[in-house]
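Step one of this worksheet: look at the structure below.
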Amino acid sequence: MSEKNKIRALWPTLFGEFHNENHQNIKKELINFFEDYKKKNPSGRKKSSLGTENYNLYESKYDLHMQKNPVYDKLFSDFIMRGFFTMSNEANKSLLNNFSDKEIGVSITGSWFIHYEQGGFVLPHNHGECSWCCVYYVQVGKDATTGNGGTYFQKPTPNRTTLDFGSYYNRFNVHDFNPEEGKMLIWPSYVVHGSYPYKGDQDRIIISANANVSILENGKPINTK
Ligand SMILES: [Fe+2]
C-alpha cells in the first residue's frame with residue numbers, strides 16, 4: 001500500500017462505559033441526598049410548556065452540582081469529570097498536540113437525578129448547551145436488562161439502504177446498554193437517546209450530567225474554532 005494512502009474515521013461517535021469500583025460505599029448516601037432534595041423540592045423540575053418527555057418519574061432541577069453535597073461532589077471530581085476528560089481526549093486525540101502547552105478543564109453545565117417509579121421512562125431526546133453527556137446508574141434491581149430499564153441510543157447517521165456486507169457494520173438503528181449499579185455511560189450531546197420502561201424490585205435511580213471540556217487560558221475557558 002502506498003504510504004500516501006490513508007483511511008480516516010471522520011466524525012466518530014464515541015460511547016464510553018466506565019465502572020465506579022467505589023459505588024456501593026456511596027450509594028446509600030447519594031440516595032439519602034436525593035430523598036432530602038425531593039422533600040425540599042416536591043415538584044422537581046418544571047415541565048416544559050411544550051409537553052413532557054417523561055413518564056412516571058421524579059426529576060430534580062439541573063442544579064444538583066450547586067447543592068454542595070460532599071458525596072455527590074466527590075463522585076463528580078473523582079469519577080464523572082474524569083470520564084468526560086477521557087472521552088474528550090480520545091475524540092480529539094489527533095489534535096491534542098496543537099494544545100500540548102495548554103491546560104484543559106471540565107465544567108459541568110447541568111446535573112440532575114431521576115427517580116423512576118414503576119414503568120417510568122424517558123422518551124427520545126438529546127441535550128443542548130454541552131459537548132458531552134452522561135448517565136450514572138445509582139440504583140437498579142437485579143432484574144434490570146437492556147429491555148427493562150435499559151438506555152437506548154439512536155444512530156446519528158442515515159439508515160443503511162442495502163443489505164450487502166459492505167454496510168453490515170452500519171446495520172443497527174439503535175444500540176441498547178444494560179443498566180448496572182455504578183456504571184456510567186458518556187456520549188456526544190447530539191445523540192438522541194431515551195430509557196425503556198422499568199418494572200422491578202427496586203426503583204431505578206440515575207444521575208445525569210452535561211459537560212463542556214475547554215482549553216483554559218489564565219484559568220478561563222476559551223473558544224476553540
Ligand atoms: Fe437524556
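Each ligand, and each atom within it, is numbered from 1 in the order the structure gives. Numbering of residues begins at 1 and proceeds along the displayed sequence. Quick caveat, the model's predicted, so the values are computed rather than measured.
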- [ ] For the Fe ion (ligand 1), count the protein N, O or S atoms found under 2.8 Å away.
- [x] 3
Open item on the list: Angle between ring planes, Y196 versus Y152, binned at 30° and 60°: parallel, tilted or perpendicular?
Closed with: tilted
Open item on the list: Suppose the criterion is side chain to side chain donor-acceptor pair (under 3.5 Å): which pairs have a residue in residues 32-42, not counting sequence neighbours?
Closed with: Y37-D63, K38-H115
Side-chain donor-acceptor pairs of residues 137-147 under 3.5 Å, sequence neighbours excluded:
{"from": "Y137", "atom 1": "OH", "to": "T151", "atom 2": "OG1", "distance (Å)": "2.5"}
{"from": "Q139", "atom 1": "NE2", "to": "D203", "atom 2": "O", "distance (Å)": "2.8"}
{"from": "D143", "atom 1": "OD1", "to": "Y198", "atom 2": "OH", "distance (Å)": "2.9"}
{"from": "D143", "atom 1": "OD2", "to": "D201", "atom 2": "N", "distance (Å)": "3.3"}
{"from": "T145", "atom 1": "OG1", "to": "G147", "atom 2": "N", "distance (Å)": "3.3"}
{"from": "T145", "atom 1": "OG1", "to": "N148", "atom 2": "N", "distance (Å)": "3.0"}

Task: Backbone N/O of G128 and side chain of S189: donor-acceptor pair under 3.5 Å - done: no
TODO: Determine the interplanar angle of the F153 and F15 rings, folded into 0 to 90°, and report it as parallel if under 30°, tilted if 30 to 60°, perpendicular if over 60°.
DONE: perpendicular
TODO: Sequence neighbours left out, what passes side-chain hydrogen bond (donor to acceptor under 3.5 Å, both in side chains) with N69? Give chain and number order.
DONE: none
